[in-house]
S.K.: 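Below are the structure tokens for one structure; questions will follow.
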Amino acid sequence: IFVASCHKRLSLLFVPLCLHCLHLAYLCVCICNEQGLCSALPLHSRTQNRLSQCVILFLMENLEENLLTLHWLLSRWCLTCQDKRLPNSHATMLPTHTGSQGYLRSRRSRAWSTEKKILVAMVCVLAFLVFAAFRFTPEGPGTHAEPDDGPRFLNVDGVQRTDEWAQMKQIKKQHELLEQQQRELEQLIAQGRQVLLQQQAQQQQQAQPEQPYESDGGLLQQKQRLAEKEEELKRLQRELEQKSGSQPDQPVGKLASVGRSDNIAISKKGGFKSYETAQSKERQQFVRNMMKTAWDGYRQYAWGENELKPVSKAGHSAGIFGRTKMGATIVDALDTLYIMGLKDEFKAGRDWVAESLHFDVAASVSVFEVCIRFLGGLLSAFALTGDEVFKTKALDIGTKLLPAFNTPTGIPKAMVNLRTGASNNWGWASGGCSILSEFGTIQLEFEYLSHITGDKRFAEKAQHVMDYVVKKEKPATGLYPNYIHPDSGNWGAQDTSLGALGDSFYEYLIKVWVYRGGRVRGDDPQGRVAFDDAMKAVRSRLVQKSHQNGLTYIAEGKGSRLQHKMGHLACFAGGMFGLAARHATGDWNEWYLKTGAEITNTCHESYKKSPLGLGPEAMQFDGSNEAWTGNPRDRYYILRPETVESYFIMWRLTHEQKYRDWAWEAVQALEKSCRCGVGYCGVHDVGSQRPGHDDVQQSFFLAETLKYLYLVFSEDNVVSLDEWVFNTEAHTLPIQN
């Protein structure tokens with residue numbers, strides 16, 4: 001650029017060739033990044049492959065933004081050359097996508113010789129390589145070397161970079177030195193103790209206790225030296241802990257640390273009684289292997305897709321994701337992989353999130369599903385590892401969801417376009433209403449996001465929604481209808497349910513109280529008032545007993561009448577009632593725990609009635625059916641977790657062996673009837689001996705079903721209910737004590 005700008009004649013040679021070579025390099029960047037732009041270059045595929053190999057070094061060092069910057073500078077410089085006259089042969093060499101032919105006027109001139117073209121091209125490429133080497137010297141993955149006192153450059157995201165990488169390397173060296181000193185001291189202490197024991201044995205044999213203290217190598221001096229070494233070891237341990245606590249956030253890069261070395265999901269507190277047996281360990285390992293099977297199939301055949309089609313060995317995306325490829329299974333499975341100790345699999349998922357996950361897509365997605373799966377999964381991964389990449393991505397998607405709240409009441413709409421912010425409700429919802437279980441299931445995620453980022457917008461919007469709905473006058477039944485209009489604030493159709501359309505609203509009424517520490521401390525009775533008031537109407541109206549065997553179930557309300565039907569989604573209520581038992585007043589403690597156990601038993605009965613050992617999507621309780629359905633359209637099973645969720649919570653609360661036994665029955669049924677292709681599928685009819693598979697491995701199967709089954713067979717200190725609360729997608733968030 002410097003030579004061309006200084007010499008008018010040379011500019012005629014350098015400008016088109018620089019732009020053309022730069023265009024080739026940029027297209028190779030696009031090819032290697034799989035952006036699908038390789039067809040823009042009219043070259044043989046073998047040539048394209050060679051070009052992509054030539055620039056792979058630049059790709060490894062994150063120079064794509066620098067290529068674009070240089071390309072822009074050259075284009076801007078061309079604007080100053082509009083009056084210069086270039087031969088036609090030169091103008092045709094310009095890349096068509098830059099529009100450079102419009103910048104420069106051309107006229108006839110003689111053509112270059114082949115030798116001259118090759119020579120000038122080599123000089124241009126060499127100049128560009130030297131420029132890039134001097135300007136951008138890679139110091140680490142995703143970073144650029146910078147002088148300590150020099151200017152700071154901007155990274156791809158426009159965030160100011162600092163010398164964090166160098167600081168991290170220095171701290172790592174200090175850690176290694178301290179650890180080496182600690183190991184040496186431990187060896188010296190061990191040797192000293194051994195010598196001390198030997199001398200004590202000798203003194204006992206000689207029966208002369210007064211003499212060994214006289215010499216320099218006597219027992220007294222050995223004890224003193226040993227005490228000094230132990231004190232030095234304690235000092236080094238304290239220093240190491242201080243260094244670890246002051247370690248700066250790691251830059252987001254391919255080789256950044258996965259997170260903490262210990263598994264924070266395992267409680268460090270004491271007082272946990274062990275319920276581990278050889279059988280429980282074997283069953284836990286079996287579930288872990290199921291998780292690995294589901295993950296490996298997805299990774300091999302649908303990596304980056306939302307879900308896996310195990311039989312077809314292809315990717316799958318439901319409408320809730322806007323038909324986009326956002327890796328829902330990866331984000332949903334991260335905390336399960338971490339809890340199960342599948343480190344390599346977790347590392348692969350973490351790297352994909354850091355390098356490939358983005359939300360700048362022109363697609364309308366479900367606010368509810370994206371909140372519980374993506375935001376919840378990223379927040380859980382951050383809580384478990386402390387890795388900043390998860391917090392950054394969580395803040396990104398949380399911000400993308402905020403436009404859905406731009407309504408007169410503040411109640412969000414169901415769908416939002418992640419690029420434009422346009423929002424709308426489901427067409428099938430009552431009169432354009434928002435749905436209770438959707439806008440009522442954001443509080444945990446938004447409150448924790450505000451907690452870790454300091455951005456109060458999220459917690460304020462979520463709290464406003466809950467306050468608005470809870471304070472609003474309810475119908476005469478005292479139950480919350482499933483629909484409310486986000487513009488007028490009026491209730492929609494007077495349907496009520498603890499299953500579909502209503503379930504997780506009630507779940508979050510109690511879990512927000514749990515998250516804020518009320519269940520652990522017991523000092524926040526007001527925090528659960530909204531839940532207890534809602535349960536009064538549920539207890540008096542929806543909780544019913546079957547006529548045949550007295551099974552407890554939760555009916556659904558259709559205006560003023562009841563439908564004696566209970567969906568599989570409502571089976572979560574067994575665990576919800578169990579969680580609510582602690583610190584409940586009056587007879588509610590007993591009622592919550594008893595009703596939770598009875599609901600869980602009813603859901604287990606529906607599994608027992610199935611030839612496959614799997615529960616239907618909906619159960620009926622009428623003259624001919626009890627915990628079963630005669631409607632084939634209600635007998636499908638899509639790997640749902642609600643029943644095993646209640647098994648897990650009731651096991652932790654009561655430690656009755658039947659819950660572990662029921663969980664193992666579910667594991668065997670899943671392995672026998674849902675194992676398909678390279679993963680696990682739902683079935684069309686749990687009442688059939690030979691059901692067909694739906695060829696979809698739901699992301700919540702990895703996030704919820706397998707996680708709960710694994711935890712049933714784990715010790716109580718693994719994801720303790722006194723330290724963690726699960727969102728409705730089973731993502732773990734730390735209780736704020």
Side-chain angles (χ1 to χ4, degrees), residues 33 62 141-143 155-161 164 248-260 303-306 317 320-322 324-338 345-363 365-404 416-419 421 442 444-455 457-459 462 699 702-703 727 729-734:
N33 283 337
N62 238 351
T143 63
N155 64 8
V156 182
D157 299 323
V159 181
Q160 189 174 20
R161 302 193 64 86
E164 291 175 339
D249 297 336
Q250 296 179 357
V252 176
K254 186 173 183 179
L255 300 181
S257 171
V258 169
R260 304 184 176 97
W303 190 243
E305 300 274 356
N306 287 317
S317 185
I320 56 176
F321 305 118
T324 59
K325 299 179 181 179
M326 297 196 300
T329 294
I330 298 175
V331 180
D332 238 358
L334 281 171
D335 54 358
T336 306
L337 294 170
Y338 186 89
E345 290 79 2
F346 177 84
K347 180 64 166 55
R350 184 263 175 210
D351 288 344
W352 184 89
V353 168
E355 298 166 7
S356 302
L357 180 61
H358 70 91
F359 302 105
D360 185 22
V361 292
V365 300
S366 167
V367 174
F368 165 72
E369 295 290 352
V370 169
C371 179
I372 66 172
R373 300 194 197 204
F374 286 90
L375 181 55
L378 292 168
L379 292 174
S380 178
F382 172 76
L384 291 168
T385 67
D387 194 330
E388 289 290 313
V389 68
F390 298 123
K391 182 170 76 172
T392 301
K393 299 290 185 179
L395 180 59
D396 183 17
I397 187 56
T399 304
K400 296 280 188 182
L401 297 179
L402 289 180
V416 66
N417 188 294
L418 295 180
R419 179 169 294 172
I442 55 176
L444 286 178
E445 295 83 358
F446 273 38
E447 190 163 327
Y448 185 59
L449 181 59
S450 286
H451 175 70
I452 63 175
T453 63
D455 190 337
R457 293 179 299 166
F458 304 101
S699 72
L702 291 79
N727 84 335
E729 190 78 3
H731 294 308
T732 53
L733 299 177

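When reading the values below, keep in mind they use all heavy atoms of this one structure, side chains included, and skip hydrogens, waters and symmetry mates. If you read the sequence from its start, that first residue is 1, and numbering goes on from there.
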S.K.: What closest approach, in Å, do M326 and L418 show between heavy atoms, and which atom pair accounts for it?
M.R.: SD-CD1, 4.1 Å
S.K.: Could you list the donor-acceptor pairs under 3.5 angstrom formed between side-chain atoms of residues 368-382 and any protein atom two or more places apart in sequence or on another chain?
M.R.:
| from | atom 1 | to | atom 2 | distance (Å) |
| --- | --- | --- | --- | --- |
| E369 | OE1 | R373 | NE | 2.9 |
| E369 | OE1 | R373 | NH2 | 3.2 |
| R373 | NH1 | S699 | OG | 2.7 |
| S380 | OG | D335 | OD2 | 2.9 |
| S380 | OG | T732 | N | 3.2 |
| S380 | OG | T732 | O | 3.2 |
| S380 | OG | T732 | OG1 | 2.8 |

S.K.: Do V416 and L401 have side chains that get closer than 4.5 Å, going by heavy atoms?
M.R.: yes
S.K.: At their closest point, which heavy atom of A404 faces which heavy atom of V367, and how far apart are they?
M.R.: CB-CG2, 3.8 Å
S.K.: If you take all heavy atoms of L334 and R350, which pair is closest and at what distance?
M.R.: CD2-N, 4.0 Å
S.K.: What distance do F359 atom CZ and I397 atom CD1 have between them, rounded to the nearest 0.5 Å?
M.R.: 4.5 Å
S.K.: My understanding is that only residues two or more places apart in sequence, or in another chain, count here; which of them pass side-chain hydrogen bond (donor to acceptor under 3.5 Å, both in side chains) with N417?
M.R.: T420
S.K.: Rounded to the nearest 0.5 Å, what's the gap from OG on S366 to CD1 on I320? Could you check?
M.R.: 6.5 Å
S.K.: Looking only at heavy atoms, what is the nearest atom pair of T324 and A363, with distance?
M.R.: CG2-CB, 3.2 Å
S.K.: What distance do L733 atom CG and E445 atom CD have between them, rounded to the nearest 0.5 Å?
M.R.: 6.5 Å
S.K.: Donor-acceptor check, side chain of T336 to backbone of L702, threshold 3.5 angstrom: yes or no?
M.R.: yes
S.K.: Are F458 and I442 packed together at the side-chain level, in the sense that at least one heavy-atom pair is separated by less than 4.5 angstrom?
M.R.: no
S.K.: Looking at every non-hydrogen atom in both residues, tell me the closest pair between Y448 and A383 and how far apart they are.
M.R.: OH-CB, 3.4 Å
S.K.: Roughly how far apart are L337 CG and L384 CG, rounded to 0.5 Å?
M.R.: 11.0 Å
S.K.: Return the minimal non-hydrogen interatomic distance between N727 and H731, and the atom names on each side.
M.R.: OD1-N, 2.7 Å
S.K.: I'd like to know whether L357 forms a side-chain contact (heavy atoms from CB on, under 4.5 Å) with F390, so could you lay out the CA-CA distance, the side-chain angles of the two residues, the decisive distance to 0.1 Å, and finally the verdict.
M.R.: CA-CA 10 Å; L357 180 61; F390 298 123; over 6 Å; no
